[in-house]
Amino acid sequence: MYYSKTLIPTLKEVPSDAEAISHQLMLRAGYIRQLATGLYIYLPLAWRVINKINNIIRQEMNAIEAQELSMPVLHPAEVWQKTGRWHAIGDEMFRLKDRTKRDMCLAMTHEEIMAWLAAREIRSYRDMPQSWYQIQTKLRDEARPKSGILRTREFIMKDSYSFDVDNEALVLSYAKHAEAYHKIFKRCGLTFYQVESDTGMMGGSVSHEFMAPSPAGEDEVAICPNCGYAANVELAKTLPEIPQYEDMDFKEISTPNKKTVDEVSKFLNFPPEYFIKSLLVISNEEPVLALVRGDHTLHEKKLTHLIGNFRPAKMEEITNILGVEAGFIGPMGHKIKIIADPALSTGVYISGANKKDYHAKGIKPNVHFHALWHDIHVAKDNEKCHNCQTPIRVEKVIEIGNIFQLGTKYTEPLKAVYLNSKGEEKPIVMGSYGIGPARVAAAAIEQNHDEHGIIWPVSIAPFTVHLLPLNIADKQTMEVCEQLYKQFNDNSIDTLVDDRNERPGVKFKDADLIGIPYQLVLGAKSLKENHVEIKNRKTKEITKVSVDDTLKIIKNDYIEKKR
RNA sequence: CGGGGCGUAGCGCAGUCUGGUAGCGCACCUGCCUUGGGAGCAGGGGGCCGGAGGUUCGAAUCCUCUCGCCCCGACCA
């Protein structure tokens with residue numbers, strides 16, 4: 001493709017709205033433009049990248065015998081009403097009415113429609129296993145779109161759905177997908193982890209997320225470098241460091257107006273690990289007192305797993321239920337349910353004395369208070385792996401894919417059933433598996449760039465070779481350029497030719513920004529010796545080769561080795 | 001939805017406090033010149049100062065309302 005005829009609007013300056021590196025570089029290098037919050041235009045270069053990623057996905061999905069199909073993005077409400085999600089989901093679903101005033105919605109995901117289809121077309125155990133996938137636009141009215149194309153309101157997703165006779169068969173389909181995902185992300189040149197994850201409102205039992213480490217990520221995972229334990233911090237099980245506590249007798253102490261752990265810690269001159277944070281929350285059933293160590297943070301999702309949805313108690317509820325105002329709550333002597341983090345299971349602590357302006361020290365677990373013990377704190381860097389005691393690492397990550405064992409959550413309400421070999425009617429057992437191609441692209445940039453621009457992995461680069469004729473007025477330069485361009489085209493090597501009438505500096509800068517893996521520099525001086533220069537964008541290595549060998553070397557030494 | 005910030009030419013910004021003819025750099029157009037790391041010279045085009053009301057002789061500037069965008073948090077099936 002000729003640069004002069006392609007829309008590649010590069011920018012010298014960083015647009016002020018962009019924060020994430022991938023966002024900045026995609027704007028600067030002329031890959032994307034923003035239409036409105038969370039809505040992006042994919043310009044020609046970006047679209048080529050997305051298609052390369054999608055094709056890798058297609059190859060690996062087809063390899064596990066999943067079949068591509070296409071689904072409506074506009075859905076009738078009834079299907080969503082049957083599974084209950086029409087009501088369970090709030091403002092995040094785009095809703096509208098058609099001309100007959102029928103309730104409709106825009107697709108956020110396709111569990112319902114896939115199960116609807118399965119309900120009609122799968123009748124017998126002989127029809128399974130099946131895996132169907134789509135690479136299509138989905139829409140969510142996100143509360144807060146952010147970081148360029150990382151979190152948008154309209155996005156392309158590869159979603160696949162498996163249909164099996166029972167849970168055992170589902171586990172097989174799940175494993176196949178997990179394996180395919182490993183191949184896909186590896187081929188896309190990403191560093192990634194497969195981690196245990198929360199099933200959330202998707203339902204089902206088992207799920208994993210594929211996470212690409214990056215500072216721009218919205219999620220955090222805990223990784224054990226020794227045994228390989230890897231989990232989203234939302235459910236990571238870790239053992240905190242237990243300090244040596246100095247023994248103290250139980251005693252109330254005056255702490256006028258000191259309420260937060262921080263304040264009391266400074267006032268009494270004890271580190272935060274000596275404190276118990278007592279938090280009153282109200283679940284759907286009852287009030288619950290949650291206890292975490294002073295230096296820890298309560299993890300709301302972990303607690304939700306134990307007590308269901310909850311909210312923090314209001315001021316007057318605290319006084320009514322515990323008989324003391326917030327800031328002086330201690331774990332002692334309450335009749336309500338108490339859930340405590342295991343970090344508090346030994347030691348001697350300080351906490352509120354359940355009396356205004358007083359704290360108590362010398363509080364011992366199982367002596368001064370009793371509780372149900374569950375891990376409810378946010379995992380921190382350097383805590384110990386619950387499997388092997390090795391210090392874990394907490395990293396920021398971008399979620400690039402997820403896989404769920406859904407079970408019968410969607411098939412039962414939609415009456416997707418089949419007859420087994422004994423003629424018994426059984427619900428189809430379902431799995432769902434997503435990949436966000438745009439996030440793969442963004443993660444690739446986050447993980448592969450330098451101060452000059454993007455450095456694409458060969459597999460997903462918009463072009464493989466970037467021809468840079470430095471002086472288009474020079475006859476010999478352009479002759480060689482055309483000759484090489486034809487050779488590359490004939491060999492199906494994607495090539496961009498910078499045929500613009502620009503000075504060399506401009507072309508070099510743009511080439512580095514755009515990030516095509518191999519730059520072929522055609523300069524008049526080298527050409528006099530019949531040489532062109534191959535510059536490796538990643539290593540910055542420059543190799544002089546003869547014009548006649550160029551194709552062969554690019555093909556054999558560069559592209560083939562990357563396969 | 002809560003908190004904070006910002007809307008002035010395609011992009012990056014100044015001007016707003018203290019009202020008085022809308023500016024700078026880059027980009028763009030024409031010509032000359034130049035061709036190994038974002039060249040130079042000369043000439044030129046482009047803005048309802050996000051929008052609506054108001055105050056004033058006069059509003060980018062002051063007041064009210066509104067819309068949009070970014071960041072933090074909540075949310076994220």
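Chain identifiers are assigned alphabetically (A, B, ...) following the order of the sequence lines, protein sequences preceding nucleic acid strands; residue numbering begins at 1 within each chain.
Residues passing the ring-ring contact (aromatic ring centres under 6.0 Å, His included) test with A:W86, sequence neighbours excluded: none. A:Y161 pairs by the ring-ring contact (aromatic ring centres under 6.0 Å, His included) definition with nothing, not counting sequence neighbours. Checked against ring-ring contact (aromatic ring centres under 6.0 Å, His included), A:W116 has no partners two or more places apart in sequence or in another chain. The side chain to side chain contact (heavy atoms under 4.5 Å, CB included) test applied to A:A230 returns A:V195, A:I223, not counting sequence neighbours.
Nucleic acid contact for A:S207: none, since no nucleic acid atom lies under 4.0 Å from a heavy atom of the residue. Across all strands, A:A36 comes closer than 4.0 Å only to sugar-phosphate atoms, never to a base (heavy-atom distances).
With a 6.0 Å radius and a threshold of 12 heavy atoms from other residues, nucleotides or ligands, A:D91 has its CG atom at or below the threshold. In the displayed structure, A:K540 atom NZ is contacted under 6.0 Å by more than 12 heavy atoms of other residues, nucleotides or ligands.
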Identify all pairs in which a protein N or O lies below 3.5 Å from an N or O of nucleotides 3-10 of chain B, and state each distance.
none

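Atom C1' of B:rA59 sits at a distance of 27 Å from the matching atom of B:rC70, rounded to the whole Å. B:rC63 and B:rA9 are spaced 22 Å apart, taking the P atom of each and rounding to whole Å. Rounded to a whole angstrom, the distance from the P atom of B:rG23 to that of B:rG47 is 13 Å. Separation of the C1' atoms belonging to B:rA14 and B:rG51 is 23 Å when rounded to the nearest angstrom. Comparing B:rC49 with B:rU16, their C1' atoms sit 11 Å apart, to the nearest whole Å. If you take atom C1' in B:rA27 and the same atom in B:rA39, they sit 15 Å apart, rounded to whole Å. Rounded to whole Å, the P atom of B:rG46 lies 31 Å from the corresponding atom of B:rC6. Atom P of B:rU8 sits at a distance of 14 Å from the matching atom of B:rU61, rounded to the whole Å.
Across all strands shown, B:rG2 forms a Watson-Crick or G-U wobble pair with B:rC72, both key distances being under 3.5 Å. Nucleotide B:rC33: unpaired (no Watson-Crick or G-U wobble partner with both distances less than 3.5 Å). Look at B:rG47: it lacks any Watson-Crick or wobble partner with both distances under 3.5 angstrom. B:rG25 and B:rC11 make up a base pair, with Watson-Crick or G-U wobble contacts both under 3.5 Å. In this structure B:rU64 sits in a base pair with B:rA52, meeting the Watson-Crick or G-U test at under 3.5 Å.
For A:E111 and A:T83, the side-chain atoms include no donor-acceptor pair closer than 3.5 Å. In the model, A:Y174 has a side-chain atom that pairs as donor or acceptor with a side-chain atom of A:H208 under 3.5 Å. Using modelled atom types, one finds no donor on one side chain facing an acceptor on the other under 3.5 Å when comparing A:H23 with A:D17. A:D499 and A:S4 share a donor-acceptor pair across their side chains, judged by distance under 3.5 Å alone.
In this structure, NZ of A:K396 is placed 11 Å from C1' of B:rC72, rounded to the nearest angstrom. The CD atom of A:E19 sits 11 Å away from the P atom of B:rG73 (whole-angstrom rounding). Distance A:I8 CD1 to B:rC11 C1': 18 Å, rounded to the nearest Å. The interatomic distance linking A:K146 (NZ) with B:rC70 (P) rounds to 12 Å, in whole Å.
Between A:E13 and A:E300, it is A:E13 whose nearest contact on RNA chain B lies nearer the 5' terminus. Of the two residues near RNA chain B, A:D91 and A:Q34, the one whose nearest nucleotide lies more 5' is A:Q34.
Side-chain nitrogen and oxygen atoms of A:T37 include at least one within less than 4.0 Å of the OP1 or OP2 phosphate oxygen of B:rC70.
To the nearest 0.5 Å, atoms CG (A:N501) and CG (A:N471) are separated by 8.0 Å.
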**Request:** For each nucleotide in nucleotides 32-42 of chain B, reading 5' to 3', give B when a protein heavy atom comes within less than 4.0 Å of its base, S when such contact involves only the sugar-phosphate, and - otherwise.
**Result:** --BBBBBB---

